[in-house]
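Right, one structure below, let's go through it.
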There are 2 protein chains.
Amino acid sequence: MRSTPGTEAFPAHTPAAAQIFTTVLSHGPLTRSDMAGRAGLSAAAVTKAVRPLMEAGYLVEDAGDEARPSLGRPANPVRVDGGRALFIGVKITGNEIIAVLTDLCCRIRVARHVPLDDREPKAVLASVAALAQELLAEADGFGVRVQGLGVAVSGDVDRAAGEVRFSPFLEWRDLPLAELMEMTTGLPVTVDNDVRALTVAEQWFGAGVGLSDFAVVTVGAGIGCGLVVHGKVVSGAYGVAGEIGHVVIDPTGPPCHCGNRGCAEAIAADPAIVAAVREATRLPVADAAQAVDLARRGDPGAREVYARAGEAIGRAIATVANLMGPQRVIISGEGLAAYDLFAEQIRDAFTASAFGTAAQCDLLTRPLPFDEWARGAAATAIQSFISGPTRGQG
Amino acid sequence: MRSTPGTEAFPAHTPAAAQIFTTVLSHGPLTRSDMAGRAGLSAAAVTKAVRPLMEAGYLVEDAGDEARPSLGRPANPVRVDGGRALFIGVKITGNEIIAVLTDLCCRIRVARHVPLDDREPKAVLASVAALAQELLAEADGFGVRVQGLGVAVSGDVDRAAGEVRFSPFLEWRDLPLAELMEMTTGLPVTVDNDVRALTVAEQWFGAGVGLSDFAVVTVGAGIGCGLVVHGKVVSGAYGVAGEIGHVVIDPTGPPCHCGNRGCAEAIAADPAIVAAVREATRLPVADAAQAVDLARRGDPGAREVYARAGEAIGRAIATVANLMGPQRVIISGEGLAAYDLFAEQIRDAFTASAFGTAAQCDLLTRPLPFDEWARGAAATAIQSFISGPTRGQG
DNA sequence: TCCGTTCTTTTCCGCCGTCAATAAAAGAAG
DNA sequence: CTTCTTTTATTGACGGCGGAAAAGAACGGA
C-alpha cells in the first residue's frame with residue numbers, strides 16, 4: 001500500500017475494536033457495559049479494545065456526567081474526541097464544488113464553495129485540489145492533521161476501485177479519481193456516489209443510526225435514493241441502485257430524459273415542477289424558488305402541481321417500502337424547501353400504496369443544508385479511515 | 001433448547017466449517033484448495049473443517065474424477081453425500097398441502113399432495129402431521145433419518161420466532177406454527193414465507209448460487225418476489241418485503257384487492273388475466289389454462305391481455321432492478337406456463353424501463369414444477385439444520 | 001467502618017485460523 | 001528404475017482474539 005506521509009493509521013487492530021469505536025461514534029457517550037451490550041461482546045473484550053483507542057486519543061472519558069443511579073460504582077462514560085482528527089468532504093456538482101472540513105464526529109468546522117464552469121476532469125481536479133489546500137490550511141489552525149478526503153459525485157461510482165465509471169452531469173467516464181486526487185493532495189481519498197455518501201452520513205451520524213434497514217430519499221434537481229439493507233449500503237451489482245427517480249408513476253405522464261414517461265423524476269424533480277407550473281400558470285417561472293413562492297401565495301395551478309409531485313414521491317417511497325421493508329425512510333434534499341406544499345400528499349399516497357405492515361415504516365423529513373452533500377463525502381472518508389483503506393491493494 | 005430425540009446435531013462447530021460445507025453443497029464437488037479459495041480460508045483450515053464432516057459422513061470423496069491436469073498430485077474432490085440426511089418440506093396453500101421428502105442436496109425423493117378444505121389451524125395441522133408421518137415412513141425405507149421439517153406459508157411469517165403473523169389465504173393470525181408442528185412431529189421445524197423459501201432454494205441449490213444480489217420473481221395466482229441482498233434474504237423490518245405484486249403499473253388500471261388500481265398483480269396474475277380475457281373475448285373462460293389455450297390459438301383479445309401482462313411484469317422487474325441492482329432476476333411460477341405468450345413483452349418492457357447499467361442484470365426463466373414450493377420449504381429446513389437452530393432460545 | 005452494589009480490569013484459558021514445514025501422489029526426465 | 005518436479009493435502013507450532021471468572025475500584029448506605 002502507498003504510504004501517505006502525514007496521515008496515521010487508525011489503531012483498531014481487530015474488527016471488534018472498529019465495531020466498538022463506531023458504536024461509540026454513533027451512539028454518543030457510552031459506558032463500557034453499554035458498549036458490551038450493544039456490540040454483543042464481553043466486558044473484557046471492551047476493555048481491551050478501548051485501551052489502545054484511548055491511548056491514541058480517539059476516545060476520551062466523558063467528564064460531563066449526570067443522573068447517575070446513585071448505587072454502586074459510578075459508570076464511566078466514554079466518547080469520541082471529535083477534535084482528534086479532521087476530514088475533508090467534497091461534493092462536485094455540475095456547476096459548483098462544495099467542500100467542508102469536519103471533525104471525526106462529522107461536525108462541520110469550515111465550509112466553502114466555488115462555482116465550476118469547466119467540467120473537464122483536469123480543471124475540476126485543479127479546483128478541488130485548490131479548495132482542499134485551503135481547508136488544509138484551515139486545519140493547520142486547529143493544530144490537527146487531516147486524515148482523509150472524501151469526494152462525492154453523482155452517477156455510477158465504484159468506491160472500491162476509486163473510479164468514476166460514468167457521471168452524466170460531468171460527462172466523465174472511467175476516471176480513476178481517487179488515485180488522481182491522492183497524487184495532488186497526499187491524502188487517502190475515498191470516492192463514492194453522492195446519494196450513497198449522504199446515506200453513509202445518516203447511517204453513522206444521522207437518523208439512520210442503529211437501524212439495519214432504511215432508505216434515504218432525496219428530492220431536488222433529481223430524485224435519488226440510498227438504501228441500507230442488512231446494515232450495509234446497497235451499491236448494486238452494476239453500480240446502479242436506489243434509482244427511485246425512474247420508478248414509473250404514470251405511464252401517460254410527461255416524458256423523462258431516461259426515455260420513459262411519467263417517472264417520479266419527471267413529475268416531482270425541480271425542473272419538472274418548474275416546467276409544469278409554467279405550463280399551468282402561463283407565467284414565466286424561472287426556478288423552483290419562484291414556483292414555491294407562487295404556490296405559497298395560493299395559485300391553484302401551482303398548488304396542483306405540488307400536490308401531484310407529492311403524490312408521486314409518496315408512491316415512489318411506498319414502492320421502496322413494499323420491496324425492501326425498511327424501518328424508516330428519511331426524506332431530504334433541496335426540494336424539501338417546498339415540504340409544506342406536498343407533505344400531506346406524500347403521506348397520503350404512501351399510506352395508500354404501502355402494502356400491509358410495510359406502512360408501519362416511519363417517514364422522517366430532514367432539512368438538507370447546502371453543505372450536507374459534502375458532509376456525506378466526509379462521512380465516507382471517516383468510514384474509510386476507521387475500517388482501514390481497502391482500495392489499491394493490487 | 002428442547003431435545004429432539006432421533007435428530008442429531010450437524011457437526012460444524014465453527015462458522016468456517018458451516019461456510020465450507022455450504023460452499024461444497026452449492027458448488028458441487030470441490031477440491032480442498034478450491035474450497036480454500038472460495039471461502040477465503042487457508043488450506044489448513046479447510047483440512048481441519050472437513051475432517052469431522054467426513055467422519056460424520058456428510059462429506060465424501062468424489063471418486064468420479066476426470067480431466068485432471070496430468071501434473072502433480074491429483075486433486076481429491078469432495079462432495080456432499082445427499083443420502084446422509086433427509087428433510088421434509090411442506091407448502092400450505094389455500095386449498096392444498098404439498099409435501100416433499102428431499103435429501104441433503106435438496107433433491108426430491110418423494111412428493112405428495114392432498115386437498116385442503118378446512119382452513120382452521122387445527123385441521124390443517126392434522127393434515128400436515130399426517131402427511132409428514134407418511135413421508136417419515138417413506139424415509140424409513142431409505143434407512144436414513146429425517147433431520148428437519150420446513151413449512152412454507154404465504155403472508156407475513158416470522159421465521160426467527162417460528163410464527164405466522166398473518167396469512168390472508170388461510171386467515172391465520174399470530175400462530176406459533178413451528179412450536180405446534182414440533183410437538184406433533186418431534187422434528188425441528190422451520191417456518192418461513194413461501195416466496196422467501198423458494199428464494200433460499202435458488203440461493204443454495206439453484207440459479208442464485210454464488211450470487212450476492214439477486215431476485216426471484218414468481219408469477220401465478222399472485223406476483224411475488226424474493227430478494228437476496230448482500231448474500232442474505234431480505235425479510236423486511238416489519239415482515240413485508242418483495243411485494244412486487246403491488247407496484248403500481250397503471251394508475252388507471254383495474255382495481256386490486258389491496259385497494260389501489262393497476263398493481264402488477266391486478267394486471268398479470270392469473271385471476272386478473274382470466275378476468276381480462278373473459279372481458280375481451282366475451283367467452284366463459286374458467287381458468288388460466290383456458291386463457292392460455294385461447295391465446296395460443298391466436299385469439300387477438302387474449303393475446304393482447306397477455307401482452308399487457310408481460311409488459312406489467314417487465315416493468316415491475318425493472319423497478320426491482322433499478323432499486324437494488326441485482327446481478328440476476330429469476331422468473332418463475334405457475335404463470336410461466338404462458339411464457340411464450342409474454343416473454344418478448346417482459347424483456348422489452350424491462351429493457352425500456354431499466355435505468356443505465358441496471359439493464360445488464362440478466363433475466364432467467366425457470367420452470368416451476370408443482371412441488372417446487374415444497375422443495376423451498378425443505379431448503380429452509382436444510383439451512384436451519386446446517387446453521388444450527390437459532391429459534392426458541394428464550 | 002463495614003457491607004452491598006455496580007462498574008471495570010486483570011488473569012487465565014480455549015479455540016480458531018494462519019504459517020511454515022512436511023508428507024503424499026502422481027508424471028517427467030535421465 | 002530411480003530421481004526430480006509439480007501440485008495437493010496434512011501436520012504441528014504459534015499467535016491472537018474473545019470469554020469466564022475472579023479480583024479490584026468507587027460509591028452510597030447501615
Side-chain angles (χ1 to χ4, degrees), chain A residues 9-24 27-55 59-79 386-388 393, chain B residues 9-24 27-55 59-79 386-388 393:
Chain A
F10 185 71
H13 302 107
T14 128
Q19 188 199 357
I20 283 182
F21 185 79
T22 61
T23 304
V24 179
H27 293 88
L30 284 180
T31 70
R32 288 165 170 81
S33 31
D34 272 347
M35 297 180 216
R38 287 188 196 261
L41 292 170
S42 69
V46 171
T47 293
K48 279 181 272 195
V50 164
R51 194 188 342 263
L53 293 170
M54 293 200 65
E55 279 169 2
L59 291 179
V60 291
E61 307 230 309
D62 192 49
D65 35 345
E66 71 295 325
R68 54 177 49 160
S70 83
L71 192 59
R73 171 178 172 173
N76 213 348
V78 167
R79 65 174 171 81
I386 291 171
S387 6
Q393 290 171 356
Chain B
F10 186 69
H13 302 106
T14 129
Q19 188 198 359
I20 284 182
F21 185 78
T22 61
T23 305
V24 179
H27 294 87
L30 285 180
T31 70
R32 287 166 170 80
S33 30
D34 272 347
M35 296 180 218
R38 287 187 195 262
L41 293 170
S42 70
V46 172
T47 294
K48 278 181 268 198
V50 163
R51 196 189 339 265
L53 293 171
M54 293 200 64
E55 279 170 1
L59 293 178
V60 291
E61 307 229 308
D62 193 48
D65 36 345
E66 72 293 327
R68 52 176 52 156
S70 82
L71 192 59
R73 172 177 172 173
N76 213 347
V78 166
R79 63 174 172 81
I386 292 172
S387 2
Q393 288 170 356

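Proteins come first, then strands; the chains are lettered A, B, ... in the order of their sequence lines, and each starts at number 1.
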Task: Spacing of CZ belonging to B:R38 relative to OG belonging to B:S33, to within rounding of 0.5 Å - done: 11.0 Å
Task: Distance, rounded to the nearest Å, where B:E61 contributes CD and D:dT8 contributes P - done: 15 Å
Task: B:L41 side, atom CG; B:R32 side, atom CZ - distance, nearest 0.5 Å - done: 14.5 Å
Open item on the list: How many whole angstroms separate atom CG of A:L41 from atom P of D:dG18?
Closed with: 7 Å
Task: Working for side-chain contact (heavy atoms from CB on, under 4.5 Å), residues B:L30 and B:V78 - done: CA-CA 5 Å; B:L30 285 180; B:V78 166; over 6 Å; no
Task: Atom pair CZ/CD of A:R79 and A:E61 - distance to nearest 0.5 Å - done: 10.5 Å
Open item on the list: Whole angstroms only, please: what is the CG-C1' distance between A:D34 and C:dT6?
Closed with: 13 Å
Task: Inter-end axis angle, the helix from C:dT1-D:dA30 to C:dG30-D:dC1, with every axis fitted to five base pairs (rounded, 10 degrees) - done: 30°
- [ ] Go through the steps to decide whether B:V50 and B:L59 satisfy the test side-chain contact (heavy atoms from CB on, under 4.5 Å), and finish with yes or no.
- [x] CA-CA 8 Å; B:V50 163; B:L59 293 178; 4.2 Å; yes
Task: Rounded distance (Å) that lies between atom P of C:dG17 and atom CZ of B:R51 - done: 14 Å
Contacts table for residues 15-23 of chain A: side-chain donor-acceptor under 3.5 angstrom, sequence neighbours left out:
residue : atom : partner : partner atom : Å
A:Q19   : NE2  : A:A39   : O            : 3.4
A:T22   : OG1  : A:A18   : O            : 3.3
A:T22   : OG1  : A:Q19   : O            : 2.8
A:T23   : OG1  : A:Q19   : O            : 2.7

Task: Separation of C:dC7 P from A:R32 CZ (nearest whole Å) - done: 13 Å
Open item on the list: Please classify the nucleic acid contact of A:A45 as base, sugar-phosphate, or nothing, using heavy-atom distances under 4.0 Å.
Closed with: sugar-phosphate
TODO: Indicate the atoms forming the closest heavy-atom contact of A:V24 with A:M35, along with that distance.
DONE: CG2-SD, 3.8 Å
TODO: Return no unless some side-chain N or O of A:S33 is found under 4.0 Å from OP1 or OP2 of C:dT8.
DONE: yes
Task: Under-3.5 Å donor-acceptor pair between B:K48 side chain and D:dT11 base - done: no
Open item on the list: Rounding to an integer number of Å, can you tell me how far A:L71 CG sits from D:dA26 C1'?
Closed with: 12 Å
Task: D:dG18 phosphate, OP1 or OP2, under 4.0 Å from A:T14 side-chain N/O - done: yes
Open item on the list: In this structure, how many angstroms lie between the C1' atom of D:dA9 and the CZ atom of B:R73, rounded?
Closed with: 4 Å
Open item on the list: Within the 4.0 Å heavy-atom criterion, would you say B:S42 contacts the bases, only the backbone, or no part of the nucleic acid?
Closed with: base
TODO: Using whole Å, report how far NE2 of A:H13 lies from C1' of D:dG18.
DONE: 17 Å
- [ ] Between A:A43 and A:G72, just flag the one whose closest nucleotide in DNA chain C comes earlier from the 5' side.
- [x] A:G72
Task: Phosphate contact (C:dT10 OP1 or OP2) by A:T47 side-chain N/O below 4.0 Å - done: no
